[in-house]
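As the structure is a computational prediction, the values presented were derived from the model and not from experiment. In what follows, chains are A, B, ... by sequence order, proteins preceding strands, each numbered from 1.
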Amino acid sequence: MEKLLSIRDLTIYYASGKRTVKAVNGISLEIEKGKTLGLVGETGAGKTTTALGILNLIPKPPGKIVSGEIFFEGEDLLKKTKKEMRKIRGDKISMIFQDPMTSLDPVVTVGDQIAEVIRLHQTNSPKEAEKKAIEMLELVGIPGERYNEYPHQFSGGMKQRVIIAIALACNPSLLIADEPTTALDVTIQAQILELMANLRREFGSSMLLITHDLGVVAEVCDNVAIMYAGQIVEYGNLRHIYRNASHPYTEGLFGSIPNLNDEAERLKPIRGLMPDPSDLPPGCSFAPRCPYATARCHEEDPAVCEIEPGHLVKCHRYEKAEEGEHGSATS
Amino acid sequence: MYKFILKRLIMMIPVLLGVVFIIFSMMYLTPGSPEDMILGENATEEDKQQLREELGLDEPFLVQFGTYIFDIVTKGDFGTSYTNGRPVTEEILQRFPTTALLAALSMLVALCIGIPLGILAATKQYSIFDHFATTVSLFGISVPNFWLGMMLIIVFSVHLGILPPSGFYGAEYWILPAITVGSGAAANIMRTTRSTMLEVIRQDYIRCIRAKGQTEGKTIWGHALRNALIPIITVVGIQCGVLLGGTVLVETVFAIPGLGKLMVDSIKAKNYPMVQGGVLFIALVFCVINLLVDLLYAYIDPRIKSQYQAKKRPK
């Protein structure tokens, strides 16, 4: 399968006074053409920073891409000039942000906000851009007559539809959706997810879906990357993650979801909090919260192991398995 | 919208009445009397008494105030100047264009300096330029403008000899006064622009606009500035009042025959009707400017516009 996006060893730091916040620590991931990758993790894990890094929109200063490569359609985005990046943003890679309430310019009509991205990348004619913008509005289920209305006249779900229209207006090959449904009501969430899935199929875009909702991932994604403290701790397809969750953190995530079939009355939350990203532990960053942690986990950063084809786990428990004792480590 | 304007116009009436009452009381309470100024120190007590009766100054305070308001409302008569006998309205309207031009030029100076500097300081926060601009603006706010005027005269007229120190004959005569009056407003506008822009450029929608591939220039000057305009024009409106007030002293420093100089001369001469009329006129202009600012809000921000309209026809 052809790779659309391939990130290698991406590291992004923020300077915060004298401390350095290590937001993203050497992550690697790949997205195939037409597929959806779910990037799952709790708040502060570095998911949004990764997404902004792809678009080169990290606020600099204080942010800095320390190292790594981001190959998109075979070219390294980090080597592009500002002007070249502007041509890619909104056209080939577009992004849907978390909070639709604050993501639209309040003093510009929604129609003009859609037309803006069309004029930047597709046509110089204001008439054509307007026509296309109306088409996009109708495509996301908003009547074209509402072109001249302002964001405050729309509900949250409607605003998110407008944002989706902006993101898809130029038919991007990669859509980055940063928790697109987190700020919405549950009933609207399902509508928006369905709309996104349909449009993505229609346009043939790949998607990077950032979320902390494993239910959404199961519904939408092909592959899943679990992120913790700026690192990807487990990576695989849906079956790998949902049938054979192997990293203790992933297990913890599933344990935190209420399950009706389960006899147990209590949830099994992950103890403790994520480590301070400006002061990460020397060993495995999950070790302080891990129920299986050994002395080695606190001292040595684990390597990534492939426990079955395409299923990667970053944990000391599986390093032995690679050496020939496959399977025994899960007990 | 029209209903809103009408409402605001009606609300001006108590404001203006209050202004008249305060200025009327102040003139009444300050020591010295017009008849001394008009007749000179050698006038007899009889002459003075006669003049007081003519001018109505022998009446009780409230009667004087009532007559003054009554004449304005029924006849549009603001009285006549004690010093030259001409109607107050005529004098004011003759002098006002000069002051209005000075205030407008000062505002132009303030806007041309304040807004671009504020935006640059915000986009390059904590840079050397930002520190420089912030320091200069602090200076601009703290310095009294008549002192700045005198310093500018000393430097540019006395020592360098490139600009005329006073008078009012051509374009070059306007430069120093406009800078003098405008500097304070420029500093205020710059500070407001900087702080508002700092807030706006961190908003999600600005990041969204960048994610669309929009250029940095259009993101800042097109989208961000328009969102930052509400606080900025609020300050501009207030500064218009400060400018009109500021011209009073600065016109004296630069010997410009405007409304401000007329007011200072009239206060010295105890020319009651002139001072009252002048203050009332400036207050009226200030009220109108603020009304215009409020209307501009609606033009700039659709959310405010829909509020105005919602008041008009409640749904």
Smallest separation among heavy atoms of P106(A) and Y205(B), with atom names: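 Answer, listing the atom of P106(A) first, then Y205(B): CD-CE2, 3.5 Å.
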
Between E116(A) and H223(B): side-chain donor-acceptor atoms closer than 3.5 Å: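 The criterion, which ignores hydrogens and geometry beyond distance, is satisfied for H223(B) and E116(A).
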
Step through the shown structure and confirm whether more than 12 heavy atoms of other residues, nucleotides or ligands are within 6.0 Å of [atom1] on [X].
| X | atom1 | value |
| --- | --- | --- |
| K80(A) | NZ | yes |
| F139(B) | CZ | no |
| L6(B) | CG | yes |
| F203(A) | CZ | yes |
| Q125(B) | CD | yes |

side-chain hydrogen bond (donor to acceptor under 3.5 Å, both in side chains) contacts touching residues 161-173 of chain A (sequence neighbours left out):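 For residues 161-173 of chain A, and leaving out neighbouring residues, the side-chain hydrogen bond (donor to acceptor under 3.5 Å, both in side chains) pairs sorted by first residue read E73(A)-S173(A), R161(A)-Q191(A).
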
Among I300(B), I209(B), T215(B), residue most engaged with chain A (heavy-atom pairs, under 4.5 Å):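 Top option by heavy-atom pairs under 4.5 Å: T215(B).
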
Pairwise distance [atom1]([X]) to [atom2]([Y]) - rounded to 0.5 angstrom:
| X | Y | atom1 | atom2 | result |
| --- | --- | --- | --- | --- |
| L104(A) | D204(B) | CG | CG | 10.5 Å |
| R207(B) | D178(A) | CZ | CG | 7.0 Å |
| H152(A) | K305(B) | NE2 | NZ | 10.5 Å |

Ring pair (Phe, Tyr, Trp, His ring centres under 6.0 Å) partners of F96(B), counting only residues at least two apart: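 Once residues adjacent in sequence are excluded, the partners of F96(B) under the ring pair (Phe, Tyr, Trp, His ring centres under 6.0 Å) criterion are F281(B).
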
Residue I206(B) versus chain A: region with a heavy atom under 4.5 Å: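 Looking at I206(B), nothing touches chain A.
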
Per-residue contact mode, Q214(B) against chain A (heavy atom under 4.5 angstrom):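 Answer is both: backbone and side chain atoms of Q214(B) are under 4.5 Å from chain A.
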
Winner by heavy-atom pair count (cut-off under 4.5 Å) against chain B, out of K87(A), M95(A), H121(A), Q153(A):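 Max contact count across the listed options: H121(A).
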
Contact origin within I166(A) toward chain B - heavy atom pairs under 4.5 Å: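 For I166(A), side-chain heavy atoms alone lie under 4.5 Å from chain B.
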
Chain B contact via I163(A) - side chain, backbone, both or neither, heavy atoms under 4.5 Å: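 It is neither, since no heavy atom gets under 4.5 Å.
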
Worked verdict on F97(A) versus C208(B) for side-chain contact (heavy atoms from CB on, under 4.5 Å): CA-CA 8 Å; F97(A) 289 93; C208(B) 265; 3.1 Å; yes

Residue-level contacts of residues 226-238 of chain B with chain A, using a heavy-atom cutoff under 4.5 Å: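 R226(B), N227(B), listed by number.
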
L108(B): partners by side-chain contact (heavy atoms from CB on, under 4.5 Å), with sequence neighbours left out: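 Once residues adjacent in sequence are excluded, the partners of L108(B) under the side-chain contact (heavy atoms from CB on, under 4.5 Å) criterion are C112(B).
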
Min side-chain heavy-atom separation V107(A)-P302(B) under 4.5 Å: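 Counting from C-beta outward, V107(A) and P302(B) do come under 4.5 Å.
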
Backbone of R86(A) reached by a side-chain donor or acceptor of K212(B) within 3.5 Å: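 Between the backbone of R86(A) and the side chain of K212(B) there is no qualifying donor-acceptor contact (under 3.5 Å).
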
